Undergrad: 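My questions will all concern the structure given below.
As the structure is a prediction and not an experimental result, all values here were calculated from the model.
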Amino acid sequence: MDEKENPFDMDSPSFDADRYLEKLLKECSLKQIMDTEAAVVKDTQTLHSDMQTLVYENYNKFISATDTIRKMKDDFKQMETDVNLLMNKMQSITTFSEQITGTLQGTRSQLCRLSEKHSLLKRLQFLSTLPAKLKALIEEQNYAQAVQDYLHAQKVFAQYGRQPSFDGIKRDCDAIMEELKERLRLDFQSAGNTAQSLTEIGELLLQLDEKTSDLASEMLRCASKRLHEQIVMLQDQTERDMLEFVDMGIDGFLNDLALVVTSYFDMFVAKHYEQERDDFQENALNALNVFLNENIDKYLTLVQDRVESDIGYGDTQVMLRALDRLHRRLQAMRNICRGLQVQRNTLDIIIGAAHQLCDAHGKSLKDHFADSLSAVRLSLVSAKSDVNLSELISNLYVAMVEKIKGVLQDLMIFLRTDWSFNIKAENKGALCVEGIREHLLIGFLRHISKVMSGFADVSSSSPPNLLLVLSKTCLELEQQGVHMLIALVDDLYEIDSENSATLTHETEICAEMRETAQSLLDSYVRLQGTNISQMLRKSVETRDWLNCLEPRSVRAVMKRVVEELGSIETVLASLYESAGNTGFRTTASSDSSRKTYFSNFNASKPQYRSNWSNYTPSQLESSYVSNIHRLFSERVDIFTSVEFTKASIVMGIIKIGLKTLLECVRLRTFSKFGLQQIQVDAHYLQMNLWRFVSDENLVNFLLDEILGSAVHRCLESVLMEPNAVEIICERG
């Protein structure tokens with residue numbers, strides 16, 4: 001059953017209350033009937049309330065509508081009166097019109113003939129005064145009006161030209177217009193004409209039946225001469241800023257070029273000339289295309305030269321604002337020049353400017369880095385003591401990082417969304433953006449690594465602390481700087497370096513930085529070890545070991561070595577954490593394989609001496625002992641890479657010094673007292689060096705080697721009693 005005809009639907013027009021009530025009593029329980037009643041009552045009250053609200057809300061509208069209807073009744077009564085009056089007047093007008101028509105019926109044809117004769121007389125009068133009028137207009141240089149009057153007269157001459165009276169007038173007019181054509185040709189070829197006047201003269205010559213092909217060629221030639229003069233004028237505007245320079249080019253050169261192109265197109269390409277060849281329009285279009293591209297190429301070359309001269313010196317934002325205006329103007333010219341192909345655009349110039357600015361910023365970064373290094377060296381030279389290496393490292397690191405951040409932010413100006421160009425839309429532009437990452441950032445980081453590596457060269461005379469500062473700076477870059485900068489450039493320029501096979505990954509740069517840091521640190525160890533080695537070598541080579549007195553004290557050079565190592569350790573402690581506790585060690589490690597002698601001093605300060613110090617003179621068999629000692633000892637690598645910890649660095653320096661002392665001892669010959677002096681010195685070193693290293697076994701081994709070599713090179717191998725050695729070393 002259709003829902004609209006449902007008698008049980010209260011919203012239906014065919015609702016039957018009796019049938020609905022009968023159906024409800026049959027099918028529903030008492031509770032359901034009561035619920036239905038309550039729902040119906042509630043809906044009725046709701047509808048009643050809504051109706052009242054609707055009436056209240058629209059009460060004013062009802063009143064206004066009533067007033068409007070009442071007013072309309074009054075207006076219609078007045079309007080009916082006016083319409084009746086108008087009808088009466090129209091009937092009167094119709095009557096008068098019929099009377100006038102009847103009166104003039106006989107003279108109408110006569111009036112028409114008189115009007116035609118009047119018109120003819122006016123035209124004849126125009127022809128009779130035409131030569132004088134043409135001369136006057138030409139003298140006033142109102143060439144356009146003269147040509148218009150002459151062309152208008154040509155129609156009259158065509159109709160009445162056979163009359164002898166008009167033949168002379170026609171010859172005079174033709175002669176005058178020939179003179180005008182010659183004058184227009186001279187003006188057309190004049191170099192001082194603007195593009196607009198050139199176009200106006202060309203149109204006049206075309207109206208005077210000038211040969212179209214010759215005029216087209218002449219127009220492009222004259223326009224080229226005029227545009228070349230503007231190019232020369234723009235070349236002299238070096239004192240103006242980039243924005244003014246581009247505005248001058250747009251207002252002068254490009255506007256004239258656009259005017260010439262559009263006028264030429266309208267005159268020679270868009271129109272068909274019967275007297276010309278069929279391919280004239282195609283040839284004219286090709287010639288216009290060549291003309292347009294040649295002149296745009298000249299102008300953009302001039303702009304590019306100006307951009308290249310301003311890069312690094314002028315304001316980049318002003319330059320880009322100028323190039324943005326130029327880009328918009330060329331885009332508009334492309335829309336105007338229908339059917340023409342403008343091959344070159346400003347995007348190539350902008351991308352070239354970005355490349356050049358990258359190069360300029362790269363040079364600026366390198367110069368800034370060189371200045372920072374010079375400042376660090378000057379600080380180290382001018383303040384040999386009390387110089388805070390941590391502060392120098394922090395200043396150098398922060399200066400480099402902040403400078404790089406500033407450069408990356410500066411180059412973001414090329415990607416502003418309010419520019420009319422988008423360099424990332426072009427393949428060259430996308431490569432340019434990646435070039436900012438690769439050539440500028442990655443290239444500069446590699447430059448840092450390369451320059452710092454140069455300080456690690458053996459031939460360089462770099463101060464030790466400079467090597468330490470540079471090594472720590474490279475380590476900081478490897479640990480956090482490289483990742484932060486590469487993540488910054490990838491985020492700023494939206495570069496997906498993770499999925500690119502051509503872009504450098506940060507792990508490569510980190511590896512280079514760590515390698516450079518390691519090289520610098522190894523050079524620092526080698527240089528400091530060499531300084532200590534020189535002290536020890538001189539102390540051995542300048543002493544007469546065969547005529548020594550019985551040792552009474554430790555040689556001063558040994559004390560100097562310990563003091564130097566203490567200074568080095570203090571410097572390193574501010575930069576590197578040792579593997580374990582920081583600072584000096586306070587206790588020595590135990591060695592069960594070594595005989596240990598405890599002195600009568602405080603038991604809380606156990607002193608260690610070498611194996612040779614524990615042998616009594618009667619026990620000493622130098623050849624057997626030394627051979628057995630070497631047999632069970634491991635080979636010691638002296639010039640190995642050190643770790644980035646204080647203990648490893650100091651250990652590397654100590655190894656070089658002790659190895660030098662060992663080689664010097666092997667080249668000398670000792671007396672008994674000379675051997676004992678070496679014994680005292682070695683024991684003193686053993687008492688003090690253990691504080692600087694994490695494991696003194698290697699130090700003890702090298703000291704044993706030194707004393708063993710001295711025993712081997714001694715003429716009378718008699719060692720001093722351990723107690724005496726202990727007393728001398730404690731006495732210091």
Side-chain angles (χ1 to χ4, degrees), residues 380-381 383-390 462-469 521 523-543 551-576 578 581-588 601 605-610 613 638 642 645-662 664-665 677-696 698-700 702-703 706-707 725-732:
L380 292 174
V381 171
K384 294 184 178 180
S385 60
D386 299 332
V387 59
N388 190 338
L389 296 187
S390 297
S462 305
N465 284 345
L466 177 62
L467 298 176
L468 204 58
V469 168
L521 189 59
S523 296
Y524 171 80
V525 171
R526 184 177 64 249
L527 186 58
Q528 292 288 38
T530 301
N531 292 338
I532 291 177
S533 297
Q534 289 177 351
M535 290 190 291
L536 294 172
R537 180 173 59 80
K538 289 180 180 179
S539 70
V540 174
E541 292 177 351
T542 57
R543 190 178 182 89
R552 291 289 181 267
S553 64
V554 180
R555 287 188 300 149
V557 68
M558 298 303 167
K559 299 177 183 179
R560 176 71 186 280
V561 167
V562 173
E563 291 173 359
E564 189 70 22
L565 288 173
S567 300
I568 293 172
E569 200 275 344
T570 302
V571 172
L572 293 174
S574 64
L575 302 180
Y576 297 96
S578 60
N581 297 330
T582 59
F584 290 97
R585 291 174 58 204
T586 56
T587 58
F601 292 161
K605 293 175 62 181
Q607 304 296 327
Y608 294 83
R609 65 178 62 81
S610 67
S613 300
I638 303 300
V642 298
T645 61
K646 179 189 67 176
S648 178
I649 297 171
V650 177
M651 187 67 223
I653 298 171
I654 291 174
K655 284 195 297 182
I656 294 174
L658 294 183
K659 182 64 176 178
T660 302
L661 180 59
L662 173 61
C664 292
V665 168
Q677 184 64 60
I678 293 295
Q679 180 185 6
V680 170
D681 292 344
H683 188 69
Y684 178 81
L685 291 176
Q686 185 186 25
M687 289 173 58
N688 291 278
L689 295 185
W690 65 268
R691 292 192 293 265
F692 303 119
V693 297
S694 57
D695 184 5
E696 69 269 22
L698 186 55
V699 174
N700 292 335
L702 291 173
L703 291 174
I706 293 169
L707 189 55
V725 173
E726 194 80 26
I727 292 171
I728 292 173
C729 291
E730 288 292 340
R731 193 170 54 204

Undergrad: Rounded to the nearest 0.5 Å, how far does CG of Leu707 lie from NE2 of His683?
TA: 11.0 Å
Undergrad: Working to the nearest 0.5 Å, report the span between CD1 of Ile532 and CD1 of Ile568.
TA: 4.5 Å
Undergrad: Mind checking the CG-NZ spacing from Leu685 to Lys559? Nearest 0.5 Å is all I need.
TA: 12.0 Å
Undergrad: Any idea which heavy atoms bring Leu575 and Ser390 closest together, and the distance?
TA: CD2-OG, 3.3 Å
Undergrad: Please report the closest heavy-atom contact between Ser533 and Thr660, naming both atoms and the distance.
TA: OG-OG1, 2.8 Å
Undergrad: Leu565 versus Glu569: any side-chain heavy-atom pair under 4.5 Å?
TA: no
Undergrad: Are any side-chain N or O atoms of Arg731 and backbone N or O atoms of Arg552, one a donor and one an acceptor, separated by less than 3.5 Å?
TA: yes
Undergrad: Taking it one step at a time, do Val469 and Tyr524 satisfy side-chain contact (heavy atoms from CB on, under 4.5 Å)?
TA: CA-CA 10 Å; Val469 168; Tyr524 171 80; over 6 Å; no
Undergrad: Would you mind reporting whether Val699 and Trp690 have side-chain heavy atoms less than 4.5 Å apart?
TA: no
Undergrad: To the closest 0.5 Å, what do you measure between CE (Met558) and SG (Cys729)?
TA: 10.5 Å
Undergrad: Grab the two heavy atoms, one from Val680 and one from Ser553, that are nearest each other, plus how far apart they are.
TA: CG1-O, 4.2 Å
Undergrad: Mind checking whether Tyr576 and Val650 have side chains closer than 4.5 Å, heavy atoms only?
TA: no
Undergrad: Does the side chain of Asn531 pick up a donor-acceptor pair with the side chain of Glu564 at under 3.5 Å?
TA: no
Undergrad: Give the C-alpha distance, both sets of side-chain angles, the deciding distance and a yes or no for side-chain contact (heavy atoms from CB on, under 4.5 Å) between Asn688 and Arg691.
TA: CA-CA 6 Å; Asn688 291 278; Arg691 292 192 293 265; 2.8 Å; yes
Undergrad: Considering non-hydrogen atoms only, spot the tightest contact between Ile653 and Gln528 and give its length.
TA: CD1-CB, 3.6 Å
Undergrad: What are the two closest non-hydrogen atoms of Pro463 and Leu527, and how far apart are they?
TA: C-CD2, 4.2 Å
Undergrad: Mind checking what makes side chain to side chain contact (heavy atoms under 4.5 Å, CB included) contact with Arg543, not counting sequence neighbours?
TA: Trp545, Cys548, Arg555, Gln677
Undergrad: Taking side chain as C-beta onward, heavy atoms only, is Val561 less than 4.5 Å from Leu536?
TA: yes
Undergrad: Determine yes or no for a side-chain-to-main-chain donor-acceptor pair under 3.5 angstrom, with Ser574 supplying the side chain and Val571 the backbone.
TA: yes
Undergrad: Mind checking the CD-OH spacing from Glu726 to Tyr684? Nearest 0.5 Å is all I need.
TA: 13.0 Å
Undergrad: Distance from Leu661 atom CG to Ser539 atom OG, nearest 0.5 Å?
TA: 7.0 Å
Undergrad: Any heavy-atom pair between the side chains of Leu689 and Leu658 that's under 4.5 Å?
TA: yes
Undergrad: Any non-hydrogen side-chain atom of Ile706 less than 4.5 Å from a side-chain atom of Ile678?
TA: yes
Undergrad: Do Leu468 and Leu389 have side-chain heavy atoms sitting under 4.5 Å apart?
TA: yes
Undergrad: Grab the two heavy atoms, one from Val642 and one from Gly652, that are nearest each other, plus how far apart they are.
TA: CG1-CA, 4.2 Å
